[in-house]
Every structure is written in C-alpha cells, then in structure tokens.
There are 2 protein chains.
Amino acid sequence: MIKTDVLLNIKNCLKEKDIKVTPQRLEVYKALMNYDTHLSVEEIFNKVRENNPSVSLGTIYAILANFRDNGLVKEVKIDSERSFFEMQRDTHQHFLCYDCKNIYDVDFSKFSCFEHKSIDGHKIDDFHGYFYGICKNCSKKKAKQ
Amino acid sequence: MIKTDVLLNIKNCLKEKDIKVTPQRLEVYKALMNYDTHLSVEEIFNKVRENNPSVSLGTIYAILANFRDNGLVKEVKIDSERSFFEMQRDTHQHFLCYDCKNIYDVDFSKFSCFEHKSIDGHKIDDFHGYFYGICKNCSKKKAKQ
DNA sequence: CTTGACAACAAGAATCATTCCTATATAATA
DNA sequence: TATTATATAGGAATGATTCTTGTTGTCAAG
C-alpha cells in the first residue's frame with residue numbers, strides 16, 4: 001500500500017534525526033508534506049486536529065521547534081503578526097503583498113548569490129530572503145480603478 | 001551653530017513627508033541618526049528618555065511605525081523576540097549569530113541580485129535579507145576549546 | 001500673538017502569539 | 001512486560017505590541 005510506504009518514510013526520516021515517533025509528530029509532518037507551501041501555526045494546528053481532536057496547541061509549537069532545530073522544516077518570519085512553517089525543500093524566498101497580505105513563493109536562486117557560505121568571516125548556515133511590495137493581482141485591481 | 005543645522009535638517013526632513021514636528025519625534029530621529037545601526041525599540045525608548053523622561057513607550061512605537069510607513073526608517077525582523085529599527089540608508093542585510101545573538105550588518109549588494117524591481121510579475125518595493133549562522137568571534141572561541 | 005481644530009501624547013489596560021509548568025500518558029528498550 | 005525518560009494536554013504566564021481615553025501641543029488662519 002502506498003499510504004503505508006509514505007508513513008514508513010516519515011518514520012525513518014524522524015528516526016534518522018533521533019526524533020521519537022509519535023502520532024502528533026506524524027500528523028504535523030503529513031500536514032506540511034501535503035501542502036508543499038508555508039502554513040501558519042494555526043493552520044497546522046487545525047489540520048492535525050482533524051485526525052487528533054485532543055491535540056494541544058503547545059504541542060504543535062514544540063513539534064515545530066523540534067523539526068526546525070533538526071533541519072526538517074523552515075520557519076518563515078516575513079509577517080511579524082504570524083509565524084509560518086514549511087518543509088525544508090529547494091531554496092526559495094518569499095514575497096509579501098502589502099495590500100492583500102498574501103505570501104508568494106518566489107525563486108531568485110538562478111541569480112546564485114544565495115549560495116555563499118560565508119560573509120565577513122561569519123559562517124552562513126541559513127538565509128531568509130523576504131521581498132515586500134504589491135503583487136500581480138493587486139496591481140491589476142488598482143489599474144482597473 | 002552646527003547643532004542647529006542638524007535640527008533644521010531633521011525638521012525639514014519630517015516636513016517633506018508631512019509629518020508634524022514634535023520633540024518626541026526629533027528625539028527618536030536623533031537617536032537613530034547618532035548610532036547609524038539597528039537599535040531595539042527598548043534601546044530607542046531609553047535613549048529618548050534621557051532627554052525626555054516622561055516619554056511613553058506607546059509613543060515610541062507609534063513614531064517608529066509612522067517613520068517606517070513614510071520610508072524614513074527600516075524595521076529589522078531577523079529575531080522574532082525583538083524588533084529593531086535603523087535609518088533608511090544604503091542597502092545592506094543582517095546576520096544573526098546563533099551563539100551570541102549579536103546582529104551584524106553585512107553587505108551583499110556587490111552581487112547585484114538585490115537590485116531587481118520585480119519577480120513573477122510582483123512589484124518589489126523592499127527587500128530584507130537575513131543570514132543566520134556562527135559569527136567570526138564565536139567560531140574563534142569554539143576553535144580554542 | 002491668540003485662538004481653534006485636530007493630531008500627538010502619556011498612562012495604563014488589553015491583546016494575542018508564544019512559552020512555560022506540571023501531572024499524566026506514551027515510546028523505546030531491554 | 002517493566003522501566004525510564006521524553007512527549008503531551010491543559011491551562012497559566014509572559015511579554016512585545018497595540019489600543020483606549022482624557023489631556024496636551026502643533027500649526028495655520030485670523
């Protein structure tokens with residue numbers, strides 16, 4: 001069964017990092033995997049609750065911090081109001097629209113300037129690139145007015 | 001007098017943006033100008049209090065939001081615990097050390113990839129680049145151990 | 001210079017995302 | 001299956017930021 005294979009993969013992924021396998025952790029992992037984009041903590045909480053109604057919000061935060069510290073997920077802090085998390089995938093950056101507050105995934109990796117491993121003698125482990133402005137859709141709306 | 005000139009410059013700078021000139025705003029502006037790097041809201045609050053002991057923290061937040069929305073200062077959100085502000089100067093990015101929590105100004109502008117004005121049809125007004133890792137000093141300390 | 005309208009301010013309460021605390025439940029291991 | 005350490009649920013605590021209200025100050029017109 002395919003579904004079993006996926007579960008096995010997730011479990012192995014956790015075990016490799018010495019993360020104890022729990023139903024809550026599997027649900028958080030699956031939620032992030034299924035959507036393949038950034039989700040807010042509350043969105044993750046609600047998705048996990050669908051399968052595990054008694055889960056606690058504090059647990060979601062603890063699991064996400066654990067995953068982040070183990071390099072499984074990346075925290076997106078483009079909007080100071082809310083925190084987002086996403087699977088650690090290919091390098092990309094985020095664009096926040098001042099108007100509609102939507103966050104778009106954008107990719108500047110082709111410019112290769114994000115591949116540097118150090119600057120001024122400081123060792124770079126991670127990079128977050130946040131772009132701000134007016135998105136395509138909101139520009140169109142404004143043009144029509 | 002030089003000091004008067006500086007004050008006049010700040011006042012003109014505010015008037016150009018239709019920002020009403022008040023003692024509190026002048027103090028916030030001077031604090032940021034004098035240090036020429038990012039300051040936390042609390043640091044700004046304390047510096048303003050030296051000259052105006054009755055100033056309120058809420059006022060500092062309001063002034064910084066006003067300055068930010070008028071493009072006079074830039075908000076630095078590299079550390080989710082604290083907010084920083086700095087004068088809108090030359091383009092640069094920030095580096096947060098995981099160990100000592102210091103924030104360093106770094107400059108990747110020579111790579112020219114931060115000069116793009118749009119991506120995927122979204123109009124770019126601002127860019128924040130946050131680098132994370134271990135700084136020069138902490139690397140040295142670890143090597144000695 | 002005085003005055004009036006309206007914005008800015010001080011003080012402190014309220015908000016809300018996130019973290020902390022503790023007793024209970026559960027996963028991993030022998 | 002028993003043991004031990006860790007994870008979780010539930011709820012309280014934290015703390016940066018925002019909001020509210022009555023007062024004060026700015027600035028422009030007279």
Side-chain angles (χ1 to χ4, degrees), chain A residues 7-8 10-29 31 38-46 48-70 72-73 75-85 101 103, chain B residues 7-8 10-29 31 38-46 48-70 72-73 75-85 101 103:
Chain A
L7 255 189
L8 267 181
I10 301 179
K11 286 180 183 175
N12 286 332
C13 188
L14 296 182
K15 283 175 185 166
E16 271 175 27
K17 305 267 186 179
D18 275 324
I19 302 174
K20 205 172 281 185
V21 174
T22 68
Q24 293 88 342
R25 285 173 176 164
L26 292 174
E27 288 300 328
V28 169
Y29 198 106
H38 46 270
L39 296 177
S40 69
V41 175
E42 202 180 338
E43 283 171 330
I44 295 166
F45 178 47
N46 287 329
V48 171
R49 259 208 298 207
E50 288 172 12
N51 295 321
N52 183 342
S54 68
V55 73
S56 155
L57 181 57
T59 300
I60 302 294
Y61 274 101
I63 290 172
L64 289 170
N66 179 328
F67 283 6
R68 179 197 57 206
D69 295 343
N70 280 285
L72 292 177
V73 304
E75 186 170 3
V76 180
K77 291 186 281 195
I78 195 171
D79 185 344
S80 56
E81 305 279 308
R82 324 163 274 175
S83 224
F84 294 83
F85 288 84
K101 309 295 180 195
I103 296 172
Chain B
L7 256 188
L8 267 181
I10 301 179
K11 286 181 183 174
N12 286 332
C13 188
L14 296 182
K15 283 176 185 167
E16 272 175 26
K17 305 268 186 180
D18 274 323
I19 301 173
K20 205 170 281 183
V21 174
T22 68
Q24 292 88 342
R25 284 173 177 162
L26 291 174
E27 287 300 326
V28 168
Y29 198 104
H38 46 271
L39 295 177
S40 69
V41 176
E42 204 182 337
E43 283 171 331
I44 296 167
F45 178 46
N46 288 329
V48 172
R49 258 209 296 207
E50 289 172 11
N51 295 320
N52 183 343
S54 68
V55 72
S56 156
L57 182 57
T59 300
I60 302 295
Y61 274 101
I63 289 172
L64 289 170
N66 178 327
F67 284 5
R68 179 196 57 207
D69 294 344
N70 280 287
L72 293 179
V73 304
E75 186 172 2
V76 179
K77 292 185 282 195
I78 195 172
D79 185 344
S80 55
E81 305 279 308
R82 322 163 274 175
S83 224
F84 295 83
F85 288 85
K101 309 296 181 192
I103 296 172

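Below, chains carry the letters A, B, ... as their sequence lines are ordered, and counting in each starts from 1. These numbers come from the heavy atoms of this one structure, side chains and all, not from hydrogens, waters or symmetry mates.
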Practice item. Round to a whole Å and report the spacing from CD of B/Glu27 to P of C/dA8. Key: 18 Å
Check your understanding: DNA chain C: B/Ser54 or B/Ile19, which has the more 5' nearest nucleotide?
Key -> B/Ile19
**Study point:** Whole-Å gap separating C1' (D/dT18) and CD1 (B/Ile60)
**Key:** 15 Å
Review point. Under 4.0 Å between a side-chain N or O of B/Ser56 and OP1 or OP2 of C/dC9?
Key: no
Check your understanding: Rounding to a whole Å, what distance do you find between A/Leu57:CG and C/dT18:P?
Key -> 9 Å
Review point. B/Arg82 CZ to C/dT19 P: how many Å, rounded?
Key: 15 Å
Point to revise | Pairwise side-chain contact, A/Phe67 with A/Leu14, heavy-atom cut-off 4.5 Å (strictly under) | key: yes
Point to revise | Non-hydrogen side-chain atoms of B/Glu50 and B/Asn46 separated by less than 4.5 Å | key: no
Check your understanding: To the nearest angstrom, how far is B/Asp18 atom CG from C/dA7 atom P?
Key -> 13 Å
Review point. From D/dT6, D/dT17, D/dT8, pick the nucleotide closest to the side chain of B/Tyr61?
Key: D/dT17
**Study point:** Proximal nucleotide (of D/dC27, C/dA11, D/dG10) relative to the B/Val21 side chain
**Key:** D/dC27
Check your understanding: Quick one: does B/Asn70's side chain have a donor or acceptor within less than 3.5 Å of a partner on B/Asn66's backbone?
Key -> yes
Point to revise | Nucleotide nearest A/Pro23 when distance is taken to its side chain, options C/dA27, D/dA9, C/dC9 | key: C/dA27
Practice item. Identify whether any heavy atom of B/Gln24 sits under 4.0 Å from a base atom; if not, whether one sits that close to sugar-phosphate; answer base, sugar-phosphate or nothing. Key: sugar-phosphate
Check your understanding: Counting only side-chain N and O atoms of A/Ser83, is one of them less than 4.0 Å from OP1 or OP2 of C/dT18?
Key -> yes
Exercise for review: Consider only side-chain N and O atoms of B/Asn51 and B/Glu27, and report whether a donor and an acceptor are under 3.5 Å apart.
Suggested key: yes
**Study point:** d(NZ, B/Lys15; P, D/dC27) in whole Å
**Key:** 7 Å
Review point. Has A/Arg25 got a side-chain N or O lying under 4.0 Å from the OP1 or OP2 atom of D/dA7?
Key: yes
Practice item. Rounded to the nearest angstrom, tell me the gap between atom CD1 in B/Ile63 and atom P in C/dA8. Key: 10 Å
Exercise for review: Between C/dT18, D/dA7, C/dC9, spot the one nearest the side chain of A/Thr22, thanks.
Suggested key: D/dA7
**Study point:** Whole angstrom value for the distance that separates C1' of D/dT17 from CZ of B/Arg68
**Key:** 11 Å
Revision key, fill the gap. DNA chain D nearest-nucleotide lookup for B/Val41 and B/Lys20: closer to the 5′ end is B/Val41
**Study point:** Intermediate values then yes/no, side-chain contact (heavy atoms from CB on, under 4.5 Å), A/Val21 and A/Lys15
**Key:** CA-CA 7 Å; A/Val21 174; A/Lys15 283 175 185 166; 4.2 Å; yes
